[in-house]
Amino acid sequence: MLEVRELTKIYEGGVLALDRVSFEVPKGQFLAVIGLSGSGKSTLLRCINRLVDPTSGKIIWDGYDITAASQDEMRHVRRKIGMVFQHFNLVARSSVLTNVLAGRLGYVNPFWSLINRFSRADVEKALGELERVGIRDKAMVRADELSGGQQQRVGIARAMMQEPQMILADEPVASLDPVLAHSIMQYLEQVNKEGVTVLCSLHFLDLVHRYANRVIALNQGKLVFDGLPTEIDDEKFKEIYGREAERVG
Amino acid sequence: MKSLKKSMDGKPSGLGKIAMFVRNSRQMLKSIGLGAAIFAGLVIYAYGFQVTKVNLQETKSERRQTQLVRILRALAKPDLLTYQYKEFEVNAPIMVPCPPEGYTSPAVDTSQPYMLITPPCAAPGDMVVVEGFHFQPNQSGPLSFIPPSGVKLNLGTIQTDEDGRFRLEVKLPKREANEVNYIRGVTRQRVGMPQLSQTARDTWDKIVETVFLALLATTIGTLIAIPLSFFAAQNLMKDITSPLTSVALNILALPLGFYLGGKLAAWVAALMRPALQMPLVMLAGIGVGVAVMVGGIRWALPQQEESVKPSLFVLVLRGAAIAAALLAGIFSLFLLSSLAMVVGDKLAKALGAFGFLGLFIADLGEILNMALVALVSLAGAGVFAAYAGQLGNRIARQTTPLLAKPLSVLLSALAGAVLLVLTLQAIDWFYQIGDPRITLWAPAVIGGAAGLLLAFLCRPNQELPVGMVIYFIARTIFNALRSIESLVMVIVFAVWVGIGPFAGVLALSLHTIAALAKLYSEQVESILPGPVEAVKATGANRLQTIVYAVIPQIIPPYISFTMYRWDINVRMSTIIGFAGGGGIGFLLQQNINLLNYRAASAQMLAIAIVVASMDYLSAKMRERTI
């Protein structure tokens, strides 16, 4: 259970990115976060694993106050939260395997990882995760030699290495074509079925309808909708995206 | 609007007149401004001519021009090749003065080279004509007057034509003798292949020295600049914050750790002394030391973090094991350095011509030995600071404000006092103030007060931007060091280690550290933030993030900048000899001072070749890495 209470983020320079956002996510849910670009979706997801420090408000996860954790304690929180990014954020010059193994960094002893030593079990696990996303044969290839869809699969494999209880996906398919988008979303769906909570920001409503159990919508940092995907009718749509918006897909 | 239009038509109305006047006066002002700017420019350049002593008369002076021609011609003929010569010597008799009975020279063998003197006898100071036949064609050589005593008196230079003849009118020296004098003509002929001149050989030696000087300086500079560059990278440093208590404890622990580390190193060195003469014992010691170190670390640092927190007893035991491993590591390194020195010396004697390899091993050992003391001190400081920081964090966060506040006030005041006293002690070392009121008591009181003030202003758990402070300090030091040219630095190093290439290596290294650390840190600042964010999100700590997300991104620019710096260092090392830094510059300066322009020209040529080929090479290698 993830509780977000009155979460507010004001960036330096006074930009109000999140304005007293509150909601709850039960364990195992697939929650879609929608809204225009700049509405605060990325900030919201990044506040949950504290890549962005919220200005005020609380985030409580299974009874533990994430917002009050120190930098050292965040290590233990973050390793249970996988993250998938729009631009994949792989280390381009490292091999696919090293990128996936990086998902274990929160668990392994820092000393050994600094000299790039991972246990056999971790390497096996990494290859297993690559197998699951269908690119085990690319393990030794440099990450920037893969196509976009393949890179995002590496991103998912890296997140899965963390044995996460929750995955934050920040527009995971926005840089991919529709066919690839579905294949990536299917991996997230599969992970969700294994009991992992998924928070995923999305642009396309058909993806929301197809994959999400529930939707929240942000507009200029405010929570403007919280409900089932099927509840988004034309009126709600205009409320979320503004009067001038037109539906595509 | 209308009036403006009218004024354009050339029929100005009242308003139009004003508008035109305004426009005209504005234009006039503009013209005046432009005129003033041109005048100011003229004045500036005139003053520039004055202070740089532009002297056109001097360029036209005939004496200067002949000198210039001489130098340019010498420079155009670098002294690179020499030939071996065979000398041909021809003597012709002459009487000075004419004996009373007169003198006829004996008949000569006209099949051989010969000279005829007319007249065959003459008074001292008279002119005679010397003609030569059957000489080597197109040669030149000296013509001398040889009196009976055998000394050589120069008469002039002969130049033979293509038939091997010459004709020269010479003035006899004012010497008289009753016996026959001789006039001797000598020509020289090149024999065999051209050979490298002594200058060319010296230049080769020195240019090799120059390239290696640059190589060493670049290597040392790069090795030190890489870790330092991270401290000057804003994107890495700005996240580093810590509460005041932690900062204060750090400031207190750093010098203590440094001091104790130094003591430990000295103690280990003293302990090792008896073993120094027994290489086998040392070798065994290294083996045991490494085994203890690896075993200890392996046992104390499990690969995966356990799910269950280990008991206190196990934690203490592990701490002891890590301490033992570190100690074993220090011991092994000390033994290794001593062993390298002993073995290197022996090798140097045994290897003969390749003795420099042995000396190199010995030098490496000595470098390791010298560096170890510094390293152990730094490690001591690091370990102490790390524990102090953790303790500080714990005090700031986990104790009640009732306890945390007074502790932070106390520690902050103490740290402020220590910091300022240490600073003043360093200043005292330079300026030798020698007054404890200024160097001890005043800074203690002022620093303590500043610490107190800061502690009252901050909440105990407030995070202070320590990283940014370190960032600014690092930046300032690099900028200051970079602005001192290595040509100036070498003067200080030449005093320390003597004039020569070693001083040049040290000066160039120091400059390289500052310049590269700055360039590197800018590369760190321009990496993609995405991968860093992603690795951080997995729960990686700061060091892990650097190793997995930062370093892979900066390798290509780091290599490229290192190449670029090597290129610069080669250029610098060619002239660092001017200031006592060894290398080819030293030779060049000597030859210029001795007016030996042909030799100087050879060295300039060598510099040009080396710099141009370095330029090409580094460009090629940089292309490859990107």
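In what follows, every chain begins at residue 1, and chains take the letters A, B, ... in the order their sequences are listed. Values in this document were obtained by computation on a predicted structure and should not be read as measured data.
- More than 12 heavy atoms of other residues, nucleotides or ligands lie within 6.0 Å of CZ in F23(A), so this atom counts as buried by the packing criterion.
- Crowding of Y64(A) atom OH: a count of heavy atoms from other residues, nucleotides or ligands under 6.0 Å exceeding 12.
- For the pair A537(B) and N49(A), the tightest heavy-atom approach, listed with the atom from each and the gap, is CB-ND2, 3.7 Å.
- The nearest pair of heavy atoms linking L90(A) to P531(B) is O-CG, 3.4 Å.
- With hydrogens and angles ignored, the 3.5 Å screen pairs no side-chain donor or acceptor of Y548(B) with any backbone N or O of L101(A).
- Only the side chain of M83(A) has a heavy atom closer than 4.5 Å to any heavy atom of chain B.
- Here the straight-line distance linking atom CD1 of I551(B) with atom OG of S94(A) works out to 10.5 Å at 0.5 Å rounding.
- Of all heavy-atom pairs between G103(A) and T538(B), the closest is CA-CG2, 3.9 Å.
- Using a 4.5 Å cut-off between heavy atoms, L51(A) contacts chain B through its side chain alone, with no backbone atom that close.
- With a 4.5 Å cut-off on non-hydrogen atoms, R50(A) does not touch chain B at all.
- Distance check, rounded to the nearest 0.5 Å: CG of L114(A) to CG of N541(B) gives 7.0 Å.
- Taking chain A as the reference chain and counting heavy-atom pairs below 4.5 Å, the highest number among I297(B), T545(B), V535(B) is found for I297(B).
- For the residue pair A534(B) and R158(A), the shortest heavy atom distance occurs at CB-NH2, 3.2 Å.
- Looking at every heavy atom in both residues, Q544(B) comes nearest to S113(A) through NE2-OG, 2.8 Å.
- Within a 6.0 Å radius of CZ in R394(B), other residues, nucleotides and ligands contribute 12 heavy atoms or fewer.
- Closest approach of K536(B) to R78(A), counting heavy atoms only: O-CD, 3.3 Å.
- Within 6.0 Å of NZ on K9(A) lie more than 12 heavy atoms contributed by other residues, nucleotides or ligands.
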